[in-house]
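Owing to the predicted nature of the structure, the values given are computational and were not obtained by experimental measurement.
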Amino acid sequence: MPIQKDFKRLVRSRMKKTGEAYTAARLQVLKKREPIVNYAGAAGMSDVVVKKQTGRTWAEWVRTLDEARAVEMPHREIARFVSSLGTPSWWTQMVTVGYERIRGLREKGQRRDGLYEAGKSRTFNVPIETLYDAFANTQTRRRWLQVKVTVRTAAQNKRMRLTWDDDTLVELGFTAKGSAKSVVAVVHQRMPNKSAIDAIKKIWAEHFDRLAQLLA
């Protein structure tokens with residue numbers, strides 16, 4: 001706690017000297033304290049993957065977003081800017097979150113509103129159409145996902161948004177890996193604390209195990 005108080009004091013001191021907004025001042029203090037060299041490690045995703053899906057490496061994204069003064073923007077504005085550059089919707093969020101982690105605007109697993117989110121993915125040996133249908137088809141979903149959920153939005157073979165039985169939110173992204181394999185990536189949102197992250201990841205691993213058995 002004293003360390004956190006000292007950090008906030010340094011940020012506020014810089015704000016008085018420079019007139020910067022809190023997020024901008026926070027970024028500069030973080031840069032002086034602990035420069036991030038491993039962008040991919042901080043973002044939680046490799047350069048190879050983000051380059052393939054978005055056309056830019058993390059270093060290129062950081063340079064582009066810094067030039068746009070994204071560090072001073074709220075999450076939605078950053079996402080809107082990333083999307084305007086032609087980034088697919090699922091990867092818009094991944095890039096935005098990765099950038100916020102790199103620039104110290106959130107901890108890994110934490111949202112800008114202070115809540116946390118857990119990510120989990122799994123590759124299945126089925127075409128993307130089959131994998132997507134296992135989530136979209138209510139009867140099939142009930143055979144492996146032993147939780148009552150509500151589908152809020154969906155784009156066939158691309159993404160889906162669910163409300164969990166405890167009112168937490170789940171974002172799903174689907175990616176084909178050739179014609180016979182596909183990946184589903186889950187971001188489970190509105191976790192109250194860090195300890196909830198490990199618990200929900202374990203639960204998703206169990207759900208994925210049942211889904212793998214069903215698809216086999």
Where do [X] and [Y] come nearest, in terms of heavy atoms and distance?
X: Ala185; Y: Ser121; answer: CA-CB, 3.9 Å
X: Thr92; Y: Ala79; answer: CG2-O, 3.2 Å
X: Gly98; Y: Ala43; answer: CA-CB, 3.7 Å
X: His207; Y: Gln146; answer: CE1-N, 4.0 Å
X: Ala205; Y: Lys120; answer: CB-CE, 4.0 Å

_Between Tyr39 and Asp47, a side-chain donor and acceptor under 3.5 Å_ = no

*Quick one: CG on Leu131 to OG1 on Thr123, what's the gap to the nearest 0.5 Å?*
9.5 Å

Partner set under salt bridge (charged side-chain N to carboxylate O under 4.0 Å, His left out) for [X], not counting sequence neighbours:
X: Lys51; result: Glu60
X: Arg141; result: none
X: Arg63; result: none

Decide yes or no for [X] and [Y]: does some side-chain heavy atom of the first lie under 4.5 Å from some side-chain heavy atom of the second?
X: Ile78; Y: Leu65; answer: yes
X: Gln189; Y: Val170; answer: no
X: Thr54; Y: Met94; answer: no
X: Met45; Y: Trp91; answer: yes

*Please list all pairs passing the side chain to side chain donor-acceptor pair (under 3.5 Å) test where one or both residues lie in residues 163-183, with sequence neighbours left out.*
Arg161-Glu171, Asp166-Thr168, Thr168-His188

*Val186 and Leu169: same hydrophobic cluster, using ILVMFWY side-chain contacts below 4.5 Å?*
no

*When hydrophobic residues are tied together by side-chain contacts of less than 4.5 Å, even through go-betweens, does Val183 share a cluster with Ile128?*
no

*Applying ring pair (Phe, Tyr, Trp, His ring centres under 6.0 Å), name anything that partners Trp144, two or more places apart in sequence or on another chain.*
Phe135

_With sequence neighbours excluded, residues passing ring pair (Phe, Tyr, Trp, His ring centres under 6.0 Å) with Phe208_ = Phe124, Trp204

_Pairs touching residues 46-65 that satisfy ring-ring contact (aromatic ring centres under 6.0 Å, His included), sequence neighbours left out_ = none

Let me have the donor-acceptor pairs involving side chains of residues 148-160, under 3.5 Å, with sequence neighbours excluded, atom names and distances please.
| residue | atom | partner | partner atom | Å |
| --- | --- | --- | --- | --- |
| Arg159 | NE | Ser89 | OG | 3.4 |
| Arg159 | NH1 | Ser89 | OG | 3.0 |

*Please say whether more than 12 non-hydrogen atoms of neighbouring residues, nucleotides or ligands are located less than 6.0 Å from CZ in Arg143.*
no

_Counterpart residues, side chain to side chain contact (heavy atoms under 4.5 Å, CB included), relative to Ala180 (two or more places apart)_ = none

_Applying salt bridge (charged side-chain N to carboxylate O under 4.0 Å, His left out) as the test, list every pair that has at least one member in residues 121-135; sequence neighbours left out._
Arg122-Asp209

_salt bridge (charged side-chain N to carboxylate O under 4.0 Å, His left out) pairs, two or more places apart, involving residues 197-207_ = none

*Taking Thr130 for the side chain and Val126 for the main chain, is one N or O donor matched with an acceptor at less than 3.5 Å?*
no

*With distance as the sole test, does Thr87 use its side chain to make a donor-acceptor pair with the main-chain N or O of Ser83 at under 3.5 Å?*
no

*Sequence neighbours left out, what passes side-chain hydrogen bond (donor to acceptor under 3.5 Å, both in side chains) with Thr140? Give chain and number order.*
Asn137

*So which of Val71, Val82, Thr64 actually passes side-chain contact (heavy atoms from CB on, under 4.5 Å) with Tyr99?*
Val71

